[in-house]
2 protein chains.
Amino acid sequence: MSGVKIPAMDTKPSTSKIATINGEKRSRRGSGGITLRDVAKLAGVAPITASRALNTPDAVSPAVLQKVRDAVEKTGYVPNMLAGGLASSRSRLVAAVVPTVVGPVFQETVQSLTESLARSGYQLMLGQSGYANSREDALLETIIARRPDGVVLTGIMRSPDGRRRLLASGIPVVETWDLTPTPIDMLVGFSHEKIGIAVAEFLHARGRRNVMTIRGNDERAQRRAKAFLETAGKLGMLAQGQAGEYVVPAPTTLGSGRRGLREVLDINPDTDAVFCSSDLLALGVLIEAQARDIDVPQRLGVIGFGDLGFAEDLHPSLTTVRIDGTAIGAVAAALIIDRAEGRAVAEPVRDIGFSIIARDSA
Amino acid sequence: MSGVKIPAMDTKPSTSKIATINGEKRSRRGSGGITLRDVAKLAGVAPITASRALNTPDAVSPAVLQKVRDAVEKTGYVPNMLAGGLASSRSRLVAAVVPTVVGPVFQETVQSLTESLARSGYQLMLGQSGYANSREDALLETIIARRPDGVVLTGIMRSPDGRRRLLASGIPVVETWDLTPTPIDMLVGFSHEKIGIAVAEFLHARGRRNVMTIRGNDERAQRRAKAFLETAGKLGMLAQGQAGEYVVPAPTTLGSGRRGLREVLDINPDTDAVFCSSDLLALGVLIEAQARDIDVPQRLGVIGFGDLGFAEDLHPSLTTVRIDGTAIGAVAAALIIDRAEGRAVAEPVRDIGFSIIARDSA
DNA sequence: GTGAAAGCGCTAACAA
DNA sequence: TTGTTAGCGCTTTCAC
């Protein structure tokens, strides 16, 4: 066979084997790139057959399959998923909404989402909502405009308007990192209340009797703190007459952890354990304690949240609440893909739980 | 005017004002949602006019504008950008390729990209290439299939095949976080060599005379280290007869920083300063030093890379190389948007430089 | 197993 | 300023 680039022939539509990829009329519209039509022509089949060869290879004879693959190879054809998505109403795009990319908290989830989706031929679109709910509505509009096959929310959607839009759009939705009796659709999360209770009980069992919490001012941290303080109260671990918590702005930082410990010790100098709403905060507490020569865990127990990569390598190693962010991402991806492929979703609500990793700091 | 939901009329095509949004023939294809056609019909204009009202409001009379907006409001219409993108060859989608979402290094860039793009109506698609170049090619194919209006690479594209594909696709490309004399297209970065040199000189000026480096085994860190060691050699800061560097796997962690310091002190017990290829590594070194009662900066100077949020809050605060990741993202977004909107791009190659933030650790 | 026809929902091009 | 027409590149539907 001769080479590919053969001088274009303008008149004859050429039923012969000679493919005139760049010849023929080509309007001023369009990208001017190789299309499925070109591939089909080169392979000597109808466009729809080429489409089948690429999407459902089993539905096509081996001979045709080979010819089409050769043509793809020769032309360097790359499918246009905008066109494919429009025609099939399946964009193979999944949108993820995170409060912020910068925080380390959802990274594992986003990473695992990206990977799980990619493995099935889906891609992730990232949207940042900020911790304020204001931008969320505008974001939702642009997301729905892409007709994604699914939306993954980190956190649950509280805005009634947002819930309505999402519901109206008919797009599968997975809310994550939380539990609610009234999910929009599907849910992969865990109970923040149970964590607060478990941490209080954990500290009590370890002999702590005067606890405080340092937390970011986001809603989930607040709920953990509330349950923590209630349980601590019941167990008699709360000092009388003062707030048991110190609130720092979200997103939390190492610096606010350091400041947090100073404040906490001002409020309640006899504090013997702090529950931090993030590992970063806990790291700050550890560093401040070291700077002030406060012995951890001897005089002060510290417990974090998130089990970030560095937690186990700290000195002392950090006791913390572990959330399997990777599992959240993987399960969320699986749920959405199941839906997208029209499979029945067995359990649309999953509690993936949490665990307290007991290390040296508490 | 009466309400919107009027019982559907099946037969008459209705040239009257009565809009039968759900009546008429609706094939089994498509999403079955509200389309621009429905909006146009309700507003009593042609679809293209409705399109103009939404995309170029200035090109339409105020009366029509109002009618279309009312119709959008009433119907809850959300544009279909797949269709729009297909028709206009402008997807308003930008793809970002990062080695990993988990590392903190590119977060600022991704965040700033997302925000800058969102402000102009573009969205970000995230792809993970891993630190190995293997997955990059497959990733590229799926990216190009979406016909994004731009691709932002963190790092430069080394694979010749990847370069070729990108080039052939005609999609605007911005390579970042590096400098090269042969960019594919546009570039926003800085010189890793200059950083290595600057850090060596910085340490020399501060009286350090026996330096080492702990670095991740990625290509850019390697180039910083090479320039660092060469300069250190010229300045007589290298101990004779042993490697000046200790390499840890990428992505770098706090734990590998701790291990790194132990190894470095094994190799060269008199080391008086270490240059770490990331702040996380540096944090590990700081923690290991503290655990071993090694005084920083007195006996050991530590300098990091990245100026992550926590660097200034450490104890001692961390001297580090600051890269303005936010600027990289913003400039990259601006370059791509300029291209997408058909504007001329003044300087397609930008060196945004770096700075050494002198704090207490060195 | 293969193909022809008819769209998916939108916008570029040209006309009025 | 507004409308008509004809696609963008692909896939569904239905027929062979």
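Predicted model, so just to flag it, every value in this text is computed and none were measured. Naming convention: chains lettered A, B, ... in sequence-line order (proteins, then strands); numbering from 1 in each chain.
Among D/dG3, D/dC10, D/dT11, the nucleotide with an atom closest to any side-chain atom of B/Ala46 is D/dG3. The side chain of B/Thr49 lies closest to D/dG3 when the candidates are D/dG9, D/dG3, C/dG3. Comparing D/dT11, D/dG9, C/dC10 by their closest approach to the side chain of A/Asn80 singles out D/dG9.
Under the side chain to side chain contact (heavy atoms under 4.5 Å, CB included) test applied with A/Tyr77, the options A/Leu42, A/Val68, A/Ile34 reduce to a single match, A/Ile34.
Going from atom CG of A/Leu54 over to atom P of D/dT11 covers 8 Å, rounded to whole Å. Look at CZ on B/Arg92: it is 21 Å from P on C/dG9, rounded to the nearest Å. When rounded to the nearest whole Å, the span between CD1 of A/Ile48 and C1' of C/dT2 equals 9 Å. For B/Leu36 and C/dA12, the CG to P distance is 12 Å, given to the nearest whole Å. If you take CG of B/Leu82 and P of C/dG9, they are 11 Å apart, rounded to a whole angstrom. Rounded to whole Å, the distance from CG on B/Leu86 to P on D/dG9 is 7 Å.
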Go through the steps to decide whether A/Glu175 and A/Thr180 satisfy the test side chain to side chain donor-acceptor pair (under 3.5 Å), and finish with yes or no.
CA-CA 9 Å; A/Glu175 291 166 290; A/Thr180 162; over 6 Å; no
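Under 4.0 angstrom from either OP1 or OP2 of C/dC10 there lies no side-chain N or O belonging to B/Ser51. For D/dT11, the OP1/OP2 oxygens have a side-chain nitrogen or oxygen of A/Asn55 closer than 4.0 Å.
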Run the side-chain donor-acceptor check on residues 331-348 of chain B: report pairs under 3.5 Å with partners two or more places apart or on a different chain.
{"unit_1": "B/Asp338", "atom_1": "OD1", "unit_2": "B/Arg343", "atom_2": "NE", "d": "2.9"}
{"unit_1": "B/Asp338", "atom_1": "OD1", "unit_2": "B/Arg343", "atom_2": "NH2", "d": "3.0"}
{"unit_1": "B/Arg339", "atom_1": "NH1", "unit_2": "B/Asp185", "atom_2": "OD2", "d": "3.1"}
{"unit_1": "B/Arg339", "atom_1": "NH2", "unit_2": "B/Asp185", "atom_2": "OD1", "d": "2.8"}
{"unit_1": "B/Glu341", "atom_1": "OE2", "unit_2": "B/Arg90", "atom_2": "NH2", "d": "3.3"}
{"unit_1": "B/Glu341", "atom_1": "OE2", "unit_2": "B/Tyr122", "atom_2": "OH", "d": "2.6"}

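Overall, the helix from C/dG1-D/dC16 to C/dA16-D/dT1 carries an axis bend of 20° between its ends, with five pairs at each end and the value rounded to 10°.
Comparing B/Met81 and B/Arg52, the nucleotide of DNA chain C nearest to each residue sits closer to the 5' end for B/Met81.
Every residue meeting the side chain to side chain donor-acceptor pair (under 3.5 Å) condition with B/Thr109, not counting sequence neighbours, appears here in chain and number order: B/Trp177.
In this structure, A/Ser31 reaches the sugar-phosphate backbone alone: every heavy-atom distance under 4.0 Å involves primed, P, OP1 or OP2 atoms, never a base.
Taking all atoms of both residues into account, the shortest heavy-atom contact from A/Ile144 to A/Leu166 is CD1-CD1, 4.4 Å. Here the closest heavy-atom approach between residue B/Leu124 and residue B/Ala96 is recorded as CD1-CB, 3.8 Å. Heavy atoms only, all atoms of each residue included: B/Ser91 and B/Met81 are closest at O-CE, 4.4 Å.
Residues from residues 58-71 of chain B with heavy atoms under 4.0 angstrom of DNA chain D, sorted by number: B/Val60, B/Ser61, B/Val64.
Annotation: salt bridge (charged side-chain N to carboxylate O under 4.0 Å, His left out) contacts involving residues 162-171 of chain A, sequence neighbours excluded, comprise A/Glu141-A/Arg165, A/Asp161-A/Arg164. Each salt bridge (charged side-chain N to carboxylate O under 4.0 Å, His left out) pair with one or both residues in residues 77-86 of chain A, not counting sequence neighbours, would appear here, but there are none.
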